[in-house]
Amino acid sequence: MIRKYPLDELSSVIGRIMGLLLTEEKVDHAVQLLSRAVKESIPGTLGAGVSILDSQARPVSSGFTDAIVERADALQYQLGQGPCLTAWATQESVLVNDVAADPRWPGWSSAVRELSIRSVISAPLITDGQGIGAMKIYAGGPGAFEESTAALMELFASPAATLLSHIQTAEIPERISESLQAALYSRDLINRACGVLMERHTLTQDEALRLLMREARITRSTLREVSAAILAGVTSAATDRGRSDGFR
């Protein structure tokens, strides 16, 4: 069984993990750091992992401590079933006492049999009421984890989800900026679209550009495509909410 932490030791462990994340600027680095910290903080853990998922349950960023975790997670995404995906979808922690005897994910349980995984805990990463992914730990023997271990994972997951979400959001302007530099020919189109938004919502140029960037992220489009739609008179709920969402 996993040992229990005194309250002061638990606070120290969680504080150390959050301190690591506060210094990170990249999601991929952050999830890898978090995975290692969780494994080190819960004795008896065979491996740990952290995944940020999109709306289709596909991994956007994944961190793992061992090849066995990478393989077990990959099988979940391939098969569309498993404790990590269930924790993410239900926004509730999942405790598996024995993978070999648990009937909830027959395809996944059968596929990981050769990996010597018997116990699992998956805790959802929730921020602003939305599940953005899950963190999980694996053990090689049955009955390795208790309900108290799941509660400990939830204590890790709650602040970690908020920080990971902030890091992820901070990366978005950089990614869009790189795309913009690769498509300089469309700059005039984008500037004209910004002008339309500036007049429509009484925005500054920077605010209009941020609104365009948000629309591109929501619709999974390029800035050029969003700008062309605005100039063609096609608006969306996101751009129409420019004023009410804090852009003056």
Side-chain angles (χ1 to χ4, degrees), residues 1-5 9-10 13-14 16-17 20 27-54 56-125 131-157 160-161 164:
M1 295 293 182
I2 304 303
R3 70 182 177 89
K4 296 181 179 179
Y5 281 91
E9 184 179 352
L10 176 60
V13 169
I14 295 175
R16 181 174 63 85
I17 292 176
L20 288 173
V27 174
D28 289 342
H29 296 166
V31 293
Q32 192 65 36
L33 276 175
L34 181 57
S35 299
R36 290 201 300 265
V38 169
K39 179 182 178 180
E40 294 169 359
S41 301
I42 303 180
T45 298
L46 178 66
V50 177
S51 299
I52 296 179
L53 305 170
D54 66 13
Q56 303 300 315
R58 296 171 300 197
V60 174
S61 296
S62 295
F64 43 84
T65 60
D66 306 86
I68 192 172
V69 178
E70 181 183 17
R71 179 58 179 158
D73 285 357
L75 286 168
Q76 292 194 62
Y77 308 138
Q78 292 170 14
L79 298 169
Q81 60 174 254
C84 174
L85 296 185
T86 296
W88 166 76
T90 63
Q91 297 190 16
E92 295 182 357
S93 293
V94 174
L95 171 63
V96 183
N97 290 313
D98 189 349
V99 169
D102 197 303
R104 286 177 285 183
W105 316 280
W108 181 78
S109 297
S110 175
V112 300
R113 193 170 297 157
E114 63 184 38
L115 299 180
S116 300
I117 290 174
R118 296 292 294 275
S119 298
V120 184
I121 292 180
S122 287
L125 295 167
I132 64 170
M135 54 192 296
K136 75 285 300 199
I137 53 176
Y138 296 107
F145 303 127
E146 300 175 324
E147 292 287 349
S148 59
T149 317
L152 176 60
M153 289 280 286
E154 291 171 0
L155 288 174
F156 289 155
L164 288 173

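In this chain, residues are counted from 1 in sequence order. What you see below is based on every heavy atom in this structure, not just the backbone, and it leaves out hydrogens, waters and symmetry mates. Note that the structure is a prediction, hence the values are computed from the model and not measured.
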When every non-hydrogen atom of Tyr77 is compared with those of Ser62, the smallest separation belongs to OH-OG, 4.1 Å

For the residue pair Arg36 and Leu33, what are the closest heavy atoms and their distance? NH2-CD2, 3.1 Å

Closest heavy-atom pair and its distance - Ile117, Ala72: CD1-CB, 3.7 Å

Write out all pairs satisfying salt bridge (Lys or Arg N to Asp or Glu O under 4.0 Å) with one or both partners inside residues 114-123, taking only residues at least two apart or from two chains. Asp98-Arg118

Val120 versus Asp102: any side-chain heavy-atom pair under 4.5 Å? no

Assess the residue pair Thr45 and Phe145 against the criterion (side-chain contact (heavy atoms from CB on, under 4.5 Å)); give the C-alpha distance rounded to whole Å, side-chain angles, the decisive distance to 0.1 Å, and a yes or no. CA-CA 9 Å; Thr45 298; Phe145 303 127; 4.2 Å; yes

Sub-4.5 Å side-chain heavy-atom contact between Pro124 and Ser93: yes

Between Leu53 and Leu85, is any pair of side-chain heavy atoms under 4.5 Å apart? yes

Ignoring hydrogens and angles, tell me if any N or O in the side chain of Ser35 forms a donor-acceptor pair with the backbone of Val50 under 3.5 Å. yes

Do the side chains of Pro83 and Gln76 get nearer than 4.5 Å, heavy atoms only? yes

Could you measure the distance from the CE atom of Met135 to the NZ atom of Lys39? Nearest 0.5 Å is fine. 14.0 Å

Could you check whether any side-chain N or O of Gln32 sits under 3.5 Å from a backbone N or O of Phe64, counting only pairs where one atom can act as donor and the other as acceptor? yes

Compare every heavy atom of Lys136 with every heavy atom of Ser122, then report the nearest pair and how far apart it is. OG-CB, 3.4 Å

Of all heavy-atom pairs between Asn97 and Ser119, which one has the smallest distance, and what is that distance? O-OG, 3.4 Å

Atom CH2 of Trp108 and atom SG of Cys84: how far apart are they, to the nearest 0.5 Å? 9.5 Å

If you apply the rule side-chain contact (heavy atoms from CB on, under 4.5 Å), what do you find for Thr65 with Val38, and how did you get there? CA-CA 10 Å; Thr65 60; Val38 169; over 6 Å; no

Which heavy atom in Asp28 sits nearest to a heavy atom in Ser61, and how many Å separate them? OD1-OG, 2.9 Å

Under the 3.5 angstrom rule, does the side chain of Ser109 hit a backbone N or O of Ala100 as a donor-acceptor pair? no

Are the side chains of Ile137 and Met153 in contact, using a 4.5 Å heavy-atom criterion? yes

Kindly indicate whether the side chain of Trp105, heavy atoms from C-beta on, has any atom under 4.5 Å from the side chain of Val99. no

Side-chain donor/acceptor of Asp66 to backbone N/O of Ile68, under 3.5 Å: no

Go through it in stages, so that I can follow the logic: the residues are Thr86 and Arg104, the test is side-chain contact (heavy atoms from CB on, under 4.5 Å), and I'd like the CA-CA distance, side-chain angles, deciding distance and then a yes or no. CA-CA 10 Å; Thr86 296; Arg104 286 177 285 183; 5.9 Å; no

For atom CZ of Arg113, decide whether the heavy atoms of other residues, nucleotides or ligands shown that lie under 6.0 angstrom number more than 12. no

As a quick check of understanding, evaluate side-chain contact (heavy atoms from CB on, under 4.5 Å) for Ile121 and Leu152, giving each step before the final call. CA-CA 10 Å; Ile121 292 180; Leu152 176 60; over 6 Å; no

Side chains of Trp88 and Ser51: donor-acceptor distance under 3.5 Å anywhere? no

